Undergrad: 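Pasting in a structure now, in structure tokens, and then I'll have a few things to ask.
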Amino acid sequence: QVQLVESGGGLVQAGGSLRLSCAASARPFSGYAMGWFRQAPEKEREFVAAIKWSVGSTAYADSVKGRFTISRDNAKRTMYLQMNSLKPEDTAVYYCAVTYLFTWTQLDAYNYWGQGTQVTVSS
């Protein structure tokens with residue numbers, strides 16, 4: 001089974017940047033895609049961004065498009081989320097996840113989840 005470990009969360013002022021990382025323990029990595037999701041207090045978990053592992057195709061939620069960039073390092077089995085121009089509404093626990101399904105922008109397609117990393121954006 002794949003294990004996922006997120007890092008890079010923290011406290012940042014609005015307009016600032018953070019870079020999240022998610023390292024996958026599986027070797028070789030055989031997941032179809034990896035994604036970032038977030039969950040704010042009292043809200044449902046929502047899709048943020050995802051990347052097809054083999055070819056690097058990406059998808060973004062409208063709320064983060066143009067501000068966030070997802071990428072991956074195949075050799076390191078690590079996925080990144082560069083978050084720029086952060087807003088208070090981006091405050092949430094951010095989770096990385098792996099799916100073996102083709103519905104790679106859907107939350108319910110993901111079976112393996114990291115522990116989450118807190119991102120807090122202050123006004």
Side-chain angles (χ1 to χ4, degrees):
Q1 300 292 319
V2 63
Q3 286 82 45
L4 304 173
V5 180
E6 300 102 331
S7 62
L11 175 65
V12 65
Q13 187 173 324
S17 298
L18 286 172
R19 183 178 176 88
L20 306 183
S21 299
C22 175
S25 65
R27 183 164 43 198
F29 181 74
S30 58
Y32 179 70
M34 294 183 70
W36 289 100
F37 298 80
R38 66 187 182 187
Q39 187 166 19
E42 308 299 327
K43 295 186 67 176
E44 297 292 321
R45 190 170 299 186
E46 65 178 359
F47 169 78
V48 175
I51 186 165
K52 292 182 180 179
W53 202 253
S54 61
V55 297
S57 302
T58 59
Y60 297 92
D62 289 341
S63 59
V64 306
K65 190 171 296 184
R67 299 188 297 121
F68 292 9
T69 302
I70 190 170
S71 61
R72 87 276 192 258
D73 185 319
N74 297 78
K76 295 182 178 180
R77 304 183 310 279
T78 300
M79 177 179 66
Y80 306 95
L81 185 68
Q82 179 66 47
M83 304 185 295
N84 299 326
S85 302
L86 283 162
K87 306 174 181 179
E89 63 204 64
D90 295 317
T91 295
V93 177
Y94 283 70
Y95 299 89
C96 75
V98 173
T99 183
Y100 294 87
L101 305 178
F102 293 103
T103 53
W104 57 299
T105 62
Q106 301 297 118
L107 186 151
D108 60 6
Y110 288 79
N111 296 316
Y112 303 96
W113 295 85
Q115 81 287 352
T117 185
Q118 177 70 48
V119 172
T120 302
V121 184
S122 62
S123 300

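This structure is a prediction, so every number in the text was calculated from the model and none was measured.
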Undergrad: Please enumerate all residues that pass side chain to side chain contact (heavy atoms under 4.5 Å, CB included) together with R67, with sequence neighbours excluded.
TA: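 Applying side chain to side chain contact (heavy atoms under 4.5 Å, CB included) to R67 gives V64, S85, K87, D90.
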Undergrad: May I have all residue pairs that pass disulfide bond (SG atoms under 2.5 Å apart) and include part of residues 45-82, sequence neighbours excluded?
TA: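 Applying disulfide bond (SG atoms under 2.5 Å apart) to every pair that reaches into residues 45-82, excluding sequence neighbours, yields nothing.
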Undergrad: Only counting residues at least two apart or in another chain, list the ones meeting ring-ring contact (aromatic ring centres under 6.0 Å, His included) with F68.
TA: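 Checked F68 against ring-ring contact (aromatic ring centres under 6.0 Å, His included); zero matches.
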Undergrad: So if I apply the side chain to side chain contact (heavy atoms under 4.5 Å, CB included) rule between V48 and each of W36, Y60, Y95, which one comes out positive?
TA: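 Option passing the side chain to side chain contact (heavy atoms under 4.5 Å, CB included) with V48: W36.
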Undergrad: Which residues satisfy the salt bridge (Lys or Arg N to Asp or Glu O under 4.0 Å) test with D62, sequence neighbours excluded?
TA: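 By the salt bridge (Lys or Arg N to Asp or Glu O under 4.0 Å) rule, D62 matches K65.
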Undergrad: Taking side chain as C-beta onward, heavy atoms only, is W113 less than 4.5 Å from L4?
TA: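 No, every pair of side-chain atoms sits at 4.5 Å or beyond.
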Undergrad: OG1/T117 to CG/L81 distance, rounded to the nearest 0.5 angstrom?
TA: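 Answer rounded to 0.5 Å: 11.0 Å.
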Undergrad: Please list all pairs passing the salt bridge (charged side-chain N to carboxylate O under 4.0 Å, His left out) test where one or both residues lie in residues 44-58, with sequence neighbours left out.
TA: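 As it turns out, the salt bridge (charged side-chain N to carboxylate O under 4.0 Å, His left out) pairs with a partner in residues 44-58, which skip direct neighbours, are R38-E46.
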Undergrad: Table please: side-chain donor-acceptor pairs of residues 5-12 below 3.5 Å, with sequence neighbours left out.
TA:
unit_1 : atom_1 : unit_2 : atom_2 : d
E6     : OE1    : Q115   : N      : 2.9
E6     : OE1    : Q115   : NE2    : 3.3
E6     : OE1    : G116   : N      : 2.9
E6     : OE2    : C96    : N      : 2.8
E6     : OE2    : G116   : N      : 3.2

Undergrad: Let me know which of L107, L101, T105 forms a side chain to side chain contact (heavy atoms under 4.5 Å, CB included) with T103.
TA: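 Only one option passes, and that is L101.
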Undergrad: Using the test ring-ring contact (aromatic ring centres under 6.0 Å, His included), find all partners of F47 that sit at least two apart in sequence or belong to another chain.
TA: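 ring-ring contact (aromatic ring centres under 6.0 Å, His included) check on F47 returns F37.
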Undergrad: Run the side-chain hydrogen bond (donor to acceptor under 3.5 Å, both in side chains) test against T120 and tell me which residues pass, sequence neighbours left out.
TA: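 Result, side-chain hydrogen bond (donor to acceptor under 3.5 Å, both in side chains) vs T120: Q118.
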Undergrad: Are side-chain heavy atoms of Y80 and D73 found at a separation under 4.5 Å?
TA: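 They are in side-chain contact.
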Undergrad: Could you list all the disulfide bond (SG atoms under 2.5 Å apart) pairs where at least one residue sits in residues 36-73, not counting sequence neighbours?
TA: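 Residue pairs passing disulfide bond (SG atoms under 2.5 Å apart), neighbours aside: none found.
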Undergrad: State which residues pass ring-ring contact (aromatic ring centres under 6.0 Å, His included) with Y112; sequence neighbours excluded, sorted by chain then number.
TA: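 Partners of Y112 under the ring-ring contact (aromatic ring centres under 6.0 Å, His included) test: Y100.
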Undergrad: Only counting residues at least two apart or in another chain, list the ones meeting side chain to side chain contact (heavy atoms under 4.5 Å, CB included) with N84.
TA: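 For N84 the side chain to side chain contact (heavy atoms under 4.5 Å, CB included) partners, ignoring immediate neighbours, are S17, Q82.
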Undergrad: Quick one: list whatever passes side chain to side chain contact (heavy atoms under 4.5 Å, CB included) with S54, sequence neighbours left out.
TA: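 In terms of side chain to side chain contact (heavy atoms under 4.5 Å, CB included), with neighbours along the sequence ignored, S54 is linked to no residue.
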